[in-house]
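Being a predicted model, the structure only gives us computed values, none of them experimental. Numbered from 1 within each chain, the chains take letters A, B, ... in sequence-line order.
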Amino acid sequence: MTFGKGCHLHLIDGSAFIFRAYHALPPLTRKSDGLPIGAVSGFCNMLFRYVSDDHGADAPTHVAVIFDKGSHTFRNDMYDLYKANRDEMPEDLRPQIPLTRDATRAFNIACEEMEGYEADDIIATLACQARDLGGRVTIVSSDKDLMQLVGDGVEMLDAMKNRRIDVEGVEEKFGVKPDRVVDVQALAGDSVDNVPGAPGIGIKTAALLINEFGSLEELLDRAEEIKQPKRRETLIEKREQIELSKKLVQLDCNTPLEFTLDDLEIKEPDPDTLLSFLTEMEFRTLTKRIADTLHVEAPVIPDTNPAGANPAEEAPDWPAIDPSAYEHVQTMEALQVWIDRITARGYVAIDTETTSLNEMQAALVGISLAVTPGEACYIPLRHTEGGSDDLFSSESRAEGQLDPETVLTALKPILEDDAILKIGQNMKYDAKIFAQNGVRIAPIDDTMLMSYALNSGIHNHGMDTLSERYLSHQPIPIKELLGTGKSAITFDKVAIDKAVGYAAEDADITLRLWHIFKPQLHTARVTTVYETLERPLVPVLAQMERHGIQVDRDTLSRMSGKFAQKMAQLEDEIHTLAGRKFNVGSPKQLGEILFDEMSLEGGKKGKTGAYATGADVLEDLATEHELPARILDWRQLSKLKSTYTDALQDHIDPDTGRVHTSYVQTGASTGRLASTDPNLQNIPVRTEEGRRIREAFVAPEGQTLLSLDYSQIELRILAHIADIKQLKQAFADGLDIHAMTASEMFDVPLDEMTPEIRRRAKAINFGVIYGISGFGLARQLRIPRGDAQDFINRYFERFPGIKTYMDDTVAFAKEHGFVQTLFGRKIHTPEISAKGPRAGFARRAAINAPIQGTAADIIRRAMIRMPAAIEGLPCKMLLQVHDELLFEVESGAADKVITAARDVMEGAAKPAVHLDVPLVVDAGQGANWAEAH
DNA sequence: GCTATCACG
DNA sequence: GACGTACGTGATAGCC
């Protein structure tokens, strides 16, 4: 087939694949001889995924992987500093480079490189040729240097985000059409490639200039016309450097290639060649997977090092995951066989299927079990059939099911047996379902929590993520069974034969993950974190969620009514002020009114091209005009109504009359909990109007709500970790910490302290916890940036331990790839050595994580100990809000509970950690949350 | 499904 | 006048 119209060439940027694979994976080595092969393994996985992906209308007819060769190219002859600031290639990556070529050839994909040219030039040449012949081109890369090629049938594909980049995408990035991208790059330069560009000009400014003058050449010729003196001088003086920069970024479409497009036609891989390469690399999982895909038998890879288990090694030698191999249990005899196997084994992976994600509403539909990888079963209990779409047709119980009560009675002894470990993924869910069926499941292990203890900050911990990452297997998507949107069905309507494969697969996957994670907990030294901070929290949270909190619907409904009235009034005022009607809730329309129609100052467009109309912007405008102030009022009411007084009513459970939130234990990388459906950790409190929403959270008749919260816990932890003498003393003396800071910084005696000075010190105290910057503090305090920087400098002078802590923490993160809390929780910081603005984010997150995380660990310890501490008292723990615990108690016992709970909370760090500062807990009580807080 | 906005600690 | 910037979350509305 000759390349031409109708053909579609895919060009894969090989180096990008390699580096992504290298950084995404732990340093795997080949078992037999220790050869580093992590990057090759990742590369093969990515390549395999890419070729087996259904690209739909963008499917390739021709494909090639393009690599860089050598480090000296014709660009170095023009400019010897080109790419001079690149880091050396990591030691363990270098030997893997030739193997990635072998891998590409093993997949029977064309693999091209050329001495003296960069991969980008080969890509450019091929793209030009293909385009000139009327074909389409997809460049698989997100490298901005390649964006100049886009257009005329050439597009890019960011394989990571699975996003295609077309002409518009390029314009978004560079502010100009692709054919002017090199002009912009020539001006802006590139610190990564060490392209000098024009000093002081970045992409934004460059795009502005190029769009004004049409081209770089025109701009340089007419540089005298530029108004800004500095910019004008730069362009005149640095002309040569800019022209050189353009040559450096301009890709060469005339690379002398020794092959033609026709050589790149897609070919099927030869199973023998491919499998022998994979076998040689000892990729057990991938070999099996690819053998399956090619419908040939997988070669056996000898286990050459059975004793010295390599924890980072790939999945062990298990049978492939095969949903059709699982057992459908439909007799008591068959169930008994499973019960016997479980009892003999001492552990079982378990998963429940239900009618709803909301555990309070969910009915148990079936149970799956696994004891050995590859062997799992599903016990359907409440599947229905018939029914269809007709409202009146009757649904009946499906065939092939055991009686739910009988099965639960048979399984209960196992589920509650202290000697049998129950393994699940997100066991809190299953524990709640079983609790509803009168079963108290224990003891447990939870693969989601293991993953969280091991890898917080690296990836999320859902089953799909874990399965793909650690088993290279994509589980059956639930939507294949249930459908999506309005037509989605519940699990009880799924045909049993389909349900078996899906449900048992989950148990199988969970069991495999458990086998992988269990030894890793020890080698990563997070067993204690998992066993003392994660696992024991599961039953505590399950209890709190099941109990819920009473919310008064009438109170909310009355508030909604009032808010609606006020909003209508405000809307009229706003329309009058604006001179026309518009949707007040649309930031886009509002921006146009404020900045285009009314021509107010300070309109700034964001990356989407819309004006920013956030509260900070509107507050600044409010001094000039009344409209922004009314908008702010309206927004506040709208938020309160839609998110709280309206939505909360929908969350009141019809059976219990209470609101049952769900805590996500693995939601926040720092160890904090997250609360969803509804989020009860962001109920308003800062404004008077908002705070009244808390009046709807009430105690039942004869009971009282108690709120206990840690006072300044993060600052106390900072004082301890950074070892700040003055702060520790102030906490020991029970002083006003912000006033103390202010006094120390601004040399004002405590008795002469003004609220303004104290306010500034408070902002700095919080800023420090967040990894302060002059810019951030300036914005917070609305003071000039220089002044803010002066404050910070003075703070560091007075409390030198803070600076040391920050520097040490960042250095630790750079060395180890994670930071730690006082209790050993690891928070990984994969971006810490990134380039550009991301580095700043990662740096601040690394500084904040040990502080926020230690506070999170402390309140978790308190929560875990709380049930025993309040046992026998007529009281329930209801909610956690990061540094606050909310209880419901029979009114007479309130003081007793406060004493008991406060003891637990104030002593929660001990005995594992002895803090140099006291932990202090404030308590309040009342008929509702507003009063208690 | 993404973005802007805003609620909390 | 290079860039973008305080940390961690979740829910809602508008808009494509």
Asker: Could you check whether A/Ala855 gets within reach of a base, just the sugar-phosphate, or nothing at all, counting any heavy atom under 4.0 Å?
Answerer: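 If one applies the 4.0 Å heavy-atom cut-off, A/Ala855 turns out to touch nothing in the nucleic acid.
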
Asker: Looking at A/Ile226, is its backbone amide N or carbonyl O close enough to the side chain of A/Arg232 to form a donor-acceptor pair, meaning the two atoms are under 3.5 Å apart?
Answerer: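 At least one qualifying donor-acceptor pair exists.
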
Asker: If you measure from the P atom in B/dA7 to the same atom in C/dA2, how many Å do you get, rounded?
Answerer: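 B/dA7 and C/dA2 have their P atoms separated by 34 Å.
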
Asker: Rounded to whole angstrom units, what separation is found between the CZ atom of A/Arg785 and the C1' atom of C/dT5?
Answerer: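 Answer to the nearest Å: 8 Å.
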
Asker: Could you check whether A/Leu777 gets within reach of a base, just the sugar-phosphate, or nothing at all, counting any heavy atom under 4.0 Å?
Answerer: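 Here A/Leu777 touches the bases of the nucleic acid.
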
Asker: Counting the atoms with a prime plus P, OP1 and OP2 as sugar-phosphate, which does A/Arg691 contact under 4.0 Å by heavy atoms, base, sugar-phosphate, or nothing?
Answerer: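 If one applies the 4.0 Å heavy-atom cut-off, A/Arg691 turns out to touch nothing in the nucleic acid.
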
Asker: What's the closest nucleotide to the side chain of A/Asn682 if the choices are B/dC8, C/dT9, B/dG9?
Answerer: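 Of the candidates, B/dC8 comes closest.
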
Asker: Just the rounded figure in Å: distance from P of C/dC7 to CG of A/Leu718.
Answerer: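 These atoms are roughly 16 Å apart.
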
Asker: Could you check which nucleotide pairs with C/dA2 in any of the strands shown, counting Watson-Crick or G-U wobble with both distances under 3.5 Å?
Answerer: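 Across any shown strand, C/dA2 pairs with none.
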
Asker: What I'd like to find out is whether the side chain of A/Arg692 reaches to under 4.5 Å of the side chain of A/Pro684, using heavy atoms alone.
Answerer: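 No, their side chains stay 4.5 Å or more apart.
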
Asker: Should A/Thr613 be listed as having a side-chain N or O under 4.0 Å from OP1 or OP2 of B/dT5?
Answerer: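 A/Thr613 to B/dT5 OP1/OP2: side-chain N or O found under 4.0 Å.
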
Asker: With sugar-phosphate meaning primed atoms plus P, OP1 and OP2, does A/Ile769 contact a base, only sugar-phosphate, or nothing at under 4.0 Å between heavy atoms?
Answerer: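 The residue A/Ile769 makes no contact with any strand.
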
Asker: Salt bridge check: are A/Arg239 and A/Glu233 linked by an N-O gap of less than 4.0 Å?
Answerer: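 Salt bridge flag = no for A/Glu233 with A/Arg239.
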
Asker: Does A/Gln852 put a side-chain nitrogen or oxygen below 4.0 Å from OP1 or OP2 of C/dT9?
Answerer: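 Checking A/Gln852 against C/dT9: no side-chain N or O falls below 4.0 Å of OP1 or OP2.
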
Asker: When we call it a touch if two heavy atoms are under 4.0 Å apart, what does A/Ala188 touch: a base, just sugar-phosphate, or nothing?
Answerer: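 No contact.
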
Asker: Specify the residue among A/Ser675 and A/Lys204 whose closest nucleotide of DNA chain C lies further upstream toward the 5′ end.
Answerer: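 On the 5' side of the pair lies A/Lys204.
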
Asker: Consider the side chain of A/Tyr770, meaning its heavy atoms from C-beta on, and name the nucleotide among C/dC7, B/dC8, C/dT9 that approaches it most closely.
Answerer: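 Looking only at heavy atoms from C-beta outward on A/Tyr770, the closest nucleotide is C/dC7.
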
Asker: Can you tell me which nucleotide in B/dA7, C/dA6, C/dT12 comes closest to the side chain of A/Lys639?
Answerer: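 Among the listed nucleotides, the one closest to the side chain of A/Lys639 is B/dA7.
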
Asker: Scan A/Gly585 against the nucleic acid and name what it touches under 4.0 Å (heavy atoms): base, sugar-phosphate only, or nothing.
Answerer: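 Counting heavy atoms under 4.0 Å across all strands, the contact made by A/Gly585 is with sugar-phosphate only.
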
Asker: Would you classify A/Gln780 as touching base, sugar-phosphate or nothing, given that sugar-phosphate means primed atoms plus P, OP1 and OP2, and contacts are heavy atoms under 4.0 Å?
Answerer: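 Here A/Gln780 touches the bases of the nucleic acid.
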
Asker: Taking N and O atoms by type only, does the side chain of A/Arg231 place a donor or acceptor under 3.5 Å from a partner on the base of C/dG1?
Answerer: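 Result: no qualifying N/O pair found.
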
Asker: What does A/Val768 touch in the nucleic acid at a heavy-atom separation under 4.0 angstrom: a base, only the sugar-phosphate, or nothing?
Answerer: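 Since no nucleic acid heavy atom lies under 4.0 Å of A/Val768, the category is nothing.
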
Asker: Can A/Arg782 and A/Glu619 be counted as an ion pair, charged N to O under 4.0 angstrom?
Answerer: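 Yes.
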
Asker: Please state how far atom CH2 in A/Trp929 lies from atom C1' in B/dG9, giving the value in whole angstrom units.
Answerer: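 These atoms are roughly 11 Å apart.
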
Asker: Which part of the nucleic acid, if any, lies within reach of A/Ala610 when heavy atoms closer than 4.0 Å are counted: base, sugar-phosphate only, or nothing?
Answerer: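 A/Ala610: no heavy atom of the nucleic acid under 4.0 Å.
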
Asker: Give A/Ser773 one of three labels, base, sugar-phosphate or nothing, depending on what nucleic acid heavy atoms sit under 4.0 Å from its own.
Answerer: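 Answer is base: heavy atoms of A/Ser773 come under 4.0 Å of a base.
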
Asker: Quick test of your reading of the model: are A/Asp857 and A/Arg861 salt-bridged, counting only N-O distances below 4.0 Å?
Answerer: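 Not counted as a salt bridge, because no side-chain N and carboxylate O are separated by less than 4.0 Å.
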
Asker: Identify whether the distance between the nearest side-chain nitrogen and carboxylate oxygen of A/Arg630 and A/Asp633 falls below 4.0 Å.
Answerer: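 Judged by the 4.0 Å cut-off on N to carboxylate O distance, A/Arg630 and A/Asp633 do form a salt bridge.
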
Asker: With nearest nucleotides of DNA chain C determined for A/Gly771 and A/Asp677 from heavy-atom distances, which residue corresponds to the more 5′ nucleotide?
Answerer: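 Closest to the 5' end, via its nearest nucleotide, is A/Gly771.
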
Asker: Which listed nucleotide (C/dA11, C/dT5, B/dG9) is nearest to the side chain of A/Phe775?
Answerer: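 Closest nucleotide among those given: C/dT5.
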
Asker: Assign A/Gly667 to base, sugar-phosphate, or nothing according to its heavy-atom contacts below 4.0 angstrom with the strands shown.
Answerer: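 The residue A/Gly667 makes sugar-phosphate contact but no base contact.
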
Asker: Could you check how far CZ of A/Phe841 sits from C1' of C/dG8, rounded to whole Å?
Answerer: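 In whole Å, C/dG8 C1' lies 13 Å from A/Phe841 CZ.
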
Asker: Can you measure A/Asp857 atom CG to B/dG9 atom C1' for me and round it to whole angstrom units?
Answerer: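 The answer, rounded to whole Å, is 16 Å.
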
Asker: So what does A/Phe766 hit on the nucleic acid, given a heavy-atom distance under 4.0 Å: a base, only sugar-phosphate, or nothing?
Answerer: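 The answer is nothing, as A/Phe766 stays clear of every strand by at least 4.0 Å.
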
Asker: In whole Å, what separates the P atom of B/dC6 from that of C/dC3?
Answerer: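 Result for the P pair: 26 Å, nearest Å.
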
Asker: In whole angstroms, how far is the P atom of C/dG8 from the OH atom of A/Tyr663?
Answerer: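 Distance check: A/Tyr663 OH to C/dG8 P gives 21 Å.
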
Asker: Counting only side-chain heavy atoms from C-beta out, which of B/dC6, C/dT5, B/dA7 sits nearest to A/Tyr644?
Answerer: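 Nearest nucleotide to the side chain: B/dA7.
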
Asker: Can you tell which of B/dA7, C/dG1, B/dC6 lies closest to the side chain of A/Gln636?
Answerer: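 Looking only at side-chain atoms, A/Gln636 lies closest to B/dA7.
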
Asker: Check each of A/Asp193, A/Asp190, A/Asp145 against A/Gln185 using the side chain to side chain donor-acceptor pair (under 3.5 Å) test, and report the only one that passes.
Answerer: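 Per the side chain to side chain donor-acceptor pair (under 3.5 Å) rule, the option paired with A/Gln185 is A/Asp145, out of A/Asp193, A/Asp190, A/Asp145.
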
Asker: Between the base of C/dT12 and the side chain of A/Arg635, is there any donor-acceptor pair under 3.5 Å?
Answerer: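 Check fails, no donor-acceptor contact within cut-off.
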
Asker: For C/dG8, does the base pair up with any side-chain atom of A/Arg844 as donor and acceptor (N or O, under 3.5 Å, distance only)?
Answerer: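 For A/Arg844, whose side chain was compared with the base of C/dG8, there is no donor-acceptor pair (under 3.5 Å).
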
Asker: Please state the P separation for the pair C/dA6 and B/dT5 - nearest whole angstrom.
Answerer: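 These two P atoms come out 14 Å apart once rounded.
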
Asker: Categorize A/Ala763 for me: base, sugar-phosphate, or nothing, with a 4.0 angstrom heavy-atom threshold over every strand shown.
Answerer: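 Base contact.
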
Asker: As a test of reading the structure: which of B/dG9, B/dT5, C/dC15 is closest to the side chain of A/Pro587, going by heavy atoms?
Answerer: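 Of all the options, the side chain of A/Pro587 is nearest to B/dT5.
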
Asker: Could you give the CD-to-P distance, from A/Gln185 to C/dC3, as a whole number of Å?
Answerer: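 The answer, rounded to whole Å, is 16 Å.
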
Asker: B/dT5 P sits how many Å from A/Asp633 CG, rounded?
Answerer: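 Result: 17 Å.
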
Asker: So that I can tick it off, tell me whether A/Lys562 and A/Glu689 are bridged by a salt bridge, with the cut-off set at under 4.0 angstrom between side-chain N and carboxylate O.
Answerer: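 Looking at A/Glu689 and A/Lys562, the cut-off is not met.
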
Asker: Give me the distance, rounded to whole Å, that separates C/dT5 from B/dC2 when you measure between the C1' atoms they each carry.
Answerer: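 These two C1' atoms come out 23 Å apart once rounded.
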
Asker: Would you classify A/Asn679 as touching base, sugar-phosphate or nothing, given that sugar-phosphate means primed atoms plus P, OP1 and OP2, and contacts are heavy atoms under 4.0 Å?
Answerer: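 Sugar-phosphate, backbone atoms only, no base.
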
Asker: May I ask you to evaluate whether A/Arg686 reaches the phosphate of B/dG9, defined as a side-chain N or O under 4.0 Å from OP1 or OP2?
Answerer: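 Yes, such a contact exists.
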
Asker: Salt-bridge test for A/Glu931 and A/Arg694: reply yes if a basic N is under 4.0 Å from a carboxylate O, no otherwise.
Answerer: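 Answer for the salt bridge query: no.
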
